[in-house]
Amino acid sequence: MNMGYSIDEALTAIDKCGPKAQICDLADFICASQLEKKTVSLQDPTNNRHDASISIDMGMMHHSHPMTGFGIPNEASSLISRKLSREVADKPYFYFENVAIAPKGVWNNMSRFLYEIEPEFVDSKYFCAATRKRGYIHNLPIHNRSPLLPIPPLTIQEAFPATKKWWPSWDKRTKLNCLLTCVAPGTVTDRIRKILENFDAEPPPNVQDNVLQECRKWNLMWVGKKKLAPLEPDEYEKLLGFPRDHTRGGGVTRTERFRALGNAFQVDTVAYHLSVLKGHFPNGINVLSLFSGIGGAEVALDRLGIMLKNVVSVEKAEVNRNIIRSWWEQTDQRGNLIEIDDVQKVSSNQLRQWMTKFGGFDLIIGGSPCNNFSGSNRVSRHGLEGEQSSLFYDYFRIVDAVMDIQRNELQ
DNA sequence: CAAAGCATGAAGTCCGTA
DNA sequence: TACGGACTTCATGCTTTG
């Protein structure tokens, strides 16, 4: 175990909030009790295609169905509102992200640490042509959000028009599955090609089912007649909303690109949530970016037109730090970028120094490692106490320290 | 030595039905 | 309510290649 912050220390810190702080209420509609379970269904007045259902259960975290969170573009959700406790209602804002489908109890625990704020579960399939189910805990306003423009293509065929002619009618997929850190080996697509070559026209239904199963499992696209292929790194970049060649060059290998992109934000989704900050920082924003990866947060803020004044970016992988630095140069940023390699080195004193110099942080943003949460992990899906995922406690430690310094020293 | 290739299921959620 | 089957998943570690 490699935690810079013990659970006992963290729970003590939580206790400062009060023994049973009703911190996150969905005002007007939902009054959550710690002991009883209440489920409220909100009928969308302008669109009857679905109910926005929010379920609160202190014993087990439920995901909102169908993963639209506190709202997505073109889906009126003005009925949903929430009231945050005073402790987190003011600046600095923080924005935490991780995989939605984590082992039981994980989201409950993370939510408890992060001031009992109810997570917002969103599938990025509403923002691009690929599924990406993620949970977000944040204290941002949730009204008057606006999507990044232009709106990306929402179907596979629109996103990759060149492949349209190869798409058989019996493959009804319009969305790709989640973009992972690894892609299909050649053996898979080679085997399918040989099977399909046995049939002149349309293969029989049982063969179709078999092929479709493999297509979904390995996230394959039609790139030729009877020919399937996994996505390329530049296609990952496009779907996730990054600039073309964002991760290309500068000594980055193909394997490293898949790894880094598979771990990244979907930029349009995050930018939609951050869009409420537009216009609030005319002189630029001070950002503490934790587990920055390839800079999804920085790219999102930049595309929103929010000037990056001071950015402290914490990222362990040198390859990723190079990518961010390179993007920073490419986009002619006028602000100040500070790159740190390890969250565990970020002490309260260090935070205090930065905050004194910058006048505090306006936004703390990042997603802690999901290695021990992901369903793809066959070896060490150990939950919040896993080797990498336990770094969540450092995320909380840092957020809480910034809140504390801001409240008690800089006001 | 670095980079790429490749085999390795469990643990959930969702959804229909009895 | 309960149950069974379909479906999906920010990966790790060993082997091969060059």
Side-chain angles (χ1 to χ4, degrees), chain A residues 50 53 55 57 60-67 96-108 110 121-125 128 130-136 172-173 175-191 209-210 212-220 229-233 236-237 239-242 247 251-267 269-270 290-297 315-320 366-384 386-389 391-392 395:
Chain A
H50 69 266
S53 172
S55 177
D57 181 343
M60 183 168 121
M61 190 70 68
H62 290 275
H63 303 138
S64 64
H65 182 75
M67 279 215 189
F96 171 80
E97 178 264 5
N98 217 308
V99 293
I101 312 298
K104 280 182 179 175
V106 165
W107 273 105
N108 244 329
M110 295 192 298
F121 293 103
V122 181
D123 189 336
S124 289
K125 73 177 180 181
C128 68
T131 292
R132 205 169 186 79
K133 300 181 183 71
R134 296 293 181 267
Y136 307 89
K172 307 291 187 189
R173 288 178 298 157
K175 301 281 184 184
L176 289 162
N177 278 338
C178 187
L179 277 48
L180 306 178
T181 57
C182 304
V183 294
T187 49
V188 173
T189 51
D190 190 47
R191 190 179 71 244
D209 288 346
N210 196 284
L212 284 176
Q213 199 172 331
E214 294 292 297
C215 284
R216 280 192 276 262
K217 178 179 179 182
W218 293 106
N219 226 5
L220 303 175
L231 296 174
E232 289 294 316
Y236 267 49
E237 287 170 349
L239 288 165
L240 292 173
F242 287 91
T247 61
V252 186
T253 69
R254 179 181 166 85
T255 306
E256 286 166 336
R257 293 181 74 187
F258 282 124
R259 170 64 65 96
L261 285 160
N263 282 302
F265 284 169
Q266 206 289 322
V267 171
T269 309
V270 173
L290 303 174
F291 309 102
S292 302
I294 58 175
E315 168 56 36
K316 189 171 191 176
E318 186 186 357
V319 182
N320 291 343
S368 61
C370 71
N371 306 37
N372 310 114
F373 302 157
S374 170
S376 298
N377 193 336
R378 320 275 183 93
V379 181
S380 53
R381 196 181 186 187
H382 296 155
L384 204 42
E387 186 181 350
Q388 291 85 15
S389 293
L391 287 169
F392 164 81
Y395 186 99

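Numbers restart at 1 for each chain; the letters A, B, ... are given by sequence-line order, proteins then strands.
- Among the nucleotides dT12(C), dC7(C), dA11(C), the one closest to the side chain of Ser380(A) is dT12(C).
- Glu97(A) comes within 4.0 angstrom of a base, heavy atoms only.
- Listed candidates were dT12(C), dC6(B), dC10(C). Nearest to the side chain of Ser374(A) is dC10(C).
- Residues meeting the salt bridge (charged side-chain N to carboxylate O under 4.0 Å, His left out) test with Glu315(A), sequence neighbours left out: none.
- Distances from the side chain of Pro185(A) to the nucleotides dA7(B), dA11(C), dA4(B) place dA7(B) closest.
- Residue-level contact check: Gly186(A) touches the backbone only, with heavy atoms under 4.0 Å from sugar-phosphate atoms and none from bases.
- Under the side chain to side chain contact (heavy atoms under 4.5 Å, CB included) rule, Met67(A) has a single partner from Lys125(A), Arg132(A), Lys133(A), which is Lys133(A).
- When distances run from any side-chain atom of Arg254(A) to the nucleotides dC10(C), dA4(B), dG12(B), the shortest one goes to dA4(B).
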Using a 3.5 Å limit on both pairing distances, list the dot-bracket string of DNA chain B from the 5' end; Watson-Crick and G-U wobble pairs count, crossing pairs take [ ], interstrand pairs take |. ||||||||.|||||||||

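- Relative orientation of the Tyr395(A) and Phe96(A) rings is perpendicular, given thresholds of 30° and 60° on the angle between their planes.
- Across all strands, Cys178(A) comes closer than 4.0 Å only to sugar-phosphate atoms, never to a base (heavy-atom distances).
- For the 3.5 Å distance criterion, the side chains of Asn263(A) and Thr181(A) fail to qualify, holding no donor opposite an acceptor.
- Considering only heavy atoms from C-beta on, Asn98(A) comes within 4.5 Å of Ser368(A) through its side chain.
- Side-chain proximity of Arg378(A) to dA3(B), dC10(C), dT8(B): nearest is dT8(B).
- Nucleic acid contact for Ser124(A): none, since no nucleic acid atom lies under 4.0 Å from a heavy atom of the residue.
- With dG13(C), dA11(C), dA10(B) as the choices, the nucleotide that has an atom nearest any side-chain atom of Ser376(A) turns out to be dA11(C).
- Nucleotides dT9(C) and dG9(B) are separated by 11 Å at their C1' atoms, to the nearest Å.
- Proximity note for Arg381(A) (side chain, C-beta onward) versus dA10(B), dC10(C), dT8(B): the nearest is dA10(B).
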